[in-house]
Amino acid sequence: MRIVQVHGQGDVRLDPVAAPVAGPGDVLVRIAACGICGTDLTFVKQGGTKRAFEGPMPLGHEAAGEVTAVGAGVEGVQVGQRVIINPMGTSAVIGNGGPEGAFTEELLVREARLGTSLLPIPDDLPYDLAALTEPLAVALHGVNRADPAPDEKVVVFGCGPIGLGVVLWLAERGVKDVVAIDLHDSRLERAAALGARATIRADREDVEARLAELHGRTDVLGRPAVGTQVYIDAAGGPGIVPQVVAMARSKARLMVIAAYRTPVPLDLQAMLISEMSIATSVGYPDELPVVLAALPRLADKVRPLISHRFPFDRVIEGFGVAGQADAAKVMIDFDEGMPA
């Protein structure tokens, strides 16, 4: 069979490999759909990540498929069962530095456990939408950590797949005053469709001045500030955190979901004066089952998150498109003959 692997900086390939064999505690899953994540693109750019084995690094962790083999010691999993993969619940950390990655026809899930490493897909949910569970769970965990009230004014920086998921979950939470900020019209249009009441092109508009128009002006001990109460950073731009600190109102909150690869300066004096708080969010400790259960109801809303589709034969081309700034979720479809 074949698998997508990183061989070095900027060097991603579709390689032939031997088909896996399930041990007593393992499961094999025939992959039907797998999304390309920003983390995958980062691994390609930096040539992989630290890992305990030599050789190329397999990629792919936003996957859904059908169980094809079950080890004798695995309980509750059946051949033919439709499942998503929880990479954070796998011992091999699938697609994130372990020996397996989900951009492959058949994936070995070591020490498989239903409800932990594998979650059953609802009958009325197609594979491609089920594969959105993982990124949408990342977004939901960030919203849960930020914990905005319905009447609070919220700003979302970045309208890639995670930022768009944040907008979706804010709307589901009943938050009506959401402003989305990005550099591309297509992304901002998707944010508006998901519930953002206003959008800002950060490369064309003065972000602080526009937020002051939308959320009002206030001051913090004589320093001008904007009325936004909650900021969620799903972009990771180097100037975002300093800008938020500089314009934050009293007791404003900033939730950072984006991955920063280099240190960011903080004006602690400005933070001291405003008593603002900064927190972070990573992964999805409890959110995967919640998202998976909600997806059938939200199918029409989340389907537009998939901006591009490629068959597995063209997965490397898909990686090139996913790196384009105006792309949303790029989905790799493995087998058009598989039942939805």
Side-chain angles (χ1 to χ4, degrees), residues 38 88 135-160 162-182 191 195-200 202 206-287 290:
M88 293 184 70
L136 287 175
V138 172
L140 179 57
H141 184 54
V143 171
N144 288 342
R145 290 269 294 143
D147 195 25
D151 61 346
E152 287 191 299
K153 300 176 176 65
V154 182
V155 165
V156 179
F157 287 96
C159 296
I162 302 302
L164 291 173
V166 168
V167 174
L168 168 72
W169 296 122
L170 288 170
E172 285 291 300
R173 198 181 179 98
V175 181
K176 293 181 173 55
D177 196 341
V178 177
V179 178
I181 302 176
D182 201 274
R197 84 163 177 99
T199 61
I200 298 174
D206 183 320
V207 171
E208 181 174 350
R210 183 74 176 116
L211 286 178
E213 292 177 10
L214 293 166
H215 288 169
R217 276 281 186 193
T218 183
D219 72 87
V220 179
L221 296 180
R223 173 181 64 81
V226 300
T228 306
Q229 291 150 304
V230 180
Y231 300 87
I232 299 179
D233 178 10
I240 291 174
V241 174
Q243 182 178 35
V244 170
V245 171
M247 64 182 175
R249 61 173 284 171
S250 177
K251 296 179 175 60
R253 313 193 300 281
L254 167 63
M255 180 59 57
V256 179
I257 305 176
Y260 279 87
R261 306 296 174 182
T262 56
V264 175
L266 280 179
D267 184 344
L268 292 178
Q269 179 65 14
M271 290 184 65
L272 179 70
I273 292 172
S274 66
E275 291 189 311
M276 73 165 294
S277 59
I278 299 178
T280 57
S281 169
V282 64
Y284 31 84
D286 306 302
E287 284 81 6
V290 176

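What's counted below: heavy atoms across the whole structure, side chains too, no hydrogens, waters or symmetry copies. From a predicted model like this one, the values you see are computed outputs, not experimental measurements.
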Practice task
Would you indicate whether the side-chain heavy atoms of Leu254 and Phe157 approach each other to under 4.5 Å?
Solution key: no

Practice task
Kindly give the heavy-atom pair with the smallest separation between Pro285 and Val282, and that separation in Å.
Solution key: CD-O, 4.3 Å

Exercise for the section: Look up atom CE in Met247 and atom OG1 in Thr218, then write down how far apart they are to the nearest 0.5 Å. Expected result: 14.0 Å

Handout entry: Side-chain heavy-atom pair Asp182, Thr199 within 4.5 angstrom cut-off
Key = no

Handout entry: Side-chain donor/acceptor of Trp169 to backbone N/O of Leu136, under 3.5 Å
Key = yes

Fill in the blank from the handout: Heavy atoms of Gly236 and Ala258 approach each other most closely as N-CB, 3.3 Å

Practice task
Would you check if Arg210 and Ile181 make a side-chain contact, meaning some heavy-atom pair closer than 4.5 Å?
Solution key: no

Practice task
Indicate yes or no: at least one non-hydrogen side-chain atom of Tyr231 is less than 4.5 angstrom from one of Met276.
Solution key: no

Practice task
Report yes if some heavy atom in the side chain of Arg173 is under 4.5 Å from a heavy atom in the side chain of Asp147; otherwise report no.
Solution key: yes

Exercise for the section: Could you pull out the closest heavy-atom pair between Arg145 and Thr280, with the gap in Å? Expected result: NH2-O, 2.8 Å

Handout entry: Over all atoms of both residues, closest heavy-atom pair of Ile162 and Pro135
Key = CD1-O, 3.4 Å

Practice task
For residues Leu140 and Glu172, determine if any side-chain heavy atom of one lies less than 4.5 Å from a side-chain heavy atom of the other.
Solution key: no

Problem - Between CG on residue Leu266 and CE on residue Met271, distance to nearest 0.5 Å - result: 6.0 Å

Problem - Lys153 side, atom NZ; Arg249 side, atom CZ - distance, nearest 0.5 Å - result: 7.0 Å

Practice task
Determine whether Ile278 and Val245 make a side-chain contact, defined as any pair of heavy atoms from C-beta on separated by less than 4.5 Å.
Solution key: yes

Exercise for the section: Measure from the side-chain N and O atoms of Tyr284 to the backbone N and O of Gly142, and report whether any donor-acceptor pair falls under 3.5 Å. Expected result: no

Exercise for the section: Please test Val226 against Arg217 for side-chain contact (heavy atoms from CB on, under 4.5 Å), starting from the C-alpha separation and ending with a verdict. Expected result: CA-CA 5 Å; Val226 300; Arg217 276 281 186 193; 3.9 Å; yes

Handout entry: Non-hydrogen side-chain atoms of Arg197 and Lys176 separated by less than 4.5 Å
Key = no

Exercise for the section: For Ala235 and Ile240, work out which heavy atoms get closest and say how close. Expected result: CB-CD1, 3.6 Å

Fill in the blank from the handout: All heavy atoms of His141 vs all of Gly283, minimum pair found to be CB-O, 3.3 Å

Fill in the blank from the handout: Rounding to 0.5 Å, atoms CG (Asp219) and CD1 (Ile273) come to a distance of 11.5 Å

Problem - Step-by-step side-chain contact (heavy atoms from CB on, under 4.5 Å) determination, Leu170 to Val166 - result: CA-CA 6 Å; Leu170 288 170; Val166 168; 3.8 Å; yes

Exercise for the section: In sequence, state the C-alpha distance, the side-chain angles, and the governing distance for Glu152 and Val175, and then conclude on side-chain contact (heavy atoms from CB on, under 4.5 Å). Expected result: CA-CA 7 Å; Glu152 287 191 299; Val175 181; 5.8 Å; no

